[in-house]
Amino acid sequence: MPQAFAELQAKMVDTQQKVKLADLQIEQLSRMKKHANLTHAEITSLPDSTRMYEGAGRMFILQSKDEIAYQLLEKQKTADEKVKELEVS
């Protein structure tokens, strides 16, 4: 009986740690989605001729406004999908 209780308690601790990790990941993904959403809102107000650069490591790459907007929307979609996956598991 005491061994079964110890195993059950170990499983409970493990499950609680997994839930905390999932919550942290969901929070991080939500922040990333919000950042991408705010950035997308800002760039849509700029003229189409505006030169925009994407950060890549320690350099910046010239990108079109449409390409950057597309990447931001994809980031938001990916974050949504990952949050749904974490909520299900």
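What's counted below: heavy atoms across the whole structure, side chains too, no hydrogens, waters or symmetry copies.
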Notebook entry, point to check: Can you find a heavy atom in the side chain of Q76 that is under 4.5 Å from one in the side chain of H40?
Noted result: yes
Next item on the list: Look at atom CD of E54 and say whether more than 12 heavy atoms of other residues, nucleotides or ligands are closer to it than 6.0 Å.
Entry: yes
Next item on the list: To the nearest 0.5 angstrom, please state how far the CG atom of L46 sits from the CZ atom of R51.
Entry: 14.5 Å
Check: Can you tell me how far CE of M12 sits from CD of Q17, rounded to the nearest 0.5 angstrom?
Finding: 10.5 Å
Notebook entry, point to check: Does any non-hydrogen side-chain atom of E74 lie less than 4.5 Å from one of Q71?
Noted result: no
Checklist line | Separation between CD1 of I68 and CG of L73, rounded to the nearest 0.5 Å | finding: 12.0 Å
Next item on the list: Output all residues satisfying salt bridge (Lys or Arg N to Asp or Glu O under 4.0 Å) with D80, sequence neighbours left out; order by chain, then residue number.
Entry: K33
Next item on the list: Just jot down the side-chain contact (heavy atoms from CB on, under 4.5 Å) partners of K65, sequence neighbours excluded, or say none.
Entry: D48, M52
Next item on the list: Grab the two heavy atoms, one from A56 and one from I61, that are nearest each other, plus how far apart they are.
Entry: CB-CD1, 3.7 Å
Margin query: Check this for me, if you would: do R31 and E27 make a salt bridge, where the nitrogen-to-carboxylate-oxygen distance has to be below 4.0 angstrom?
Written below: yes
Check: Taking only residues two or more places apart in sequence or in another chain, which ones pass side-chain contact (heavy atoms from CB on, under 4.5 Å) with M32?
Finding: L29, A79
Check: What distance separates L86 CG from E81 CD, expressed to the nearest 0.5 Å?
Finding: 12.0 Å
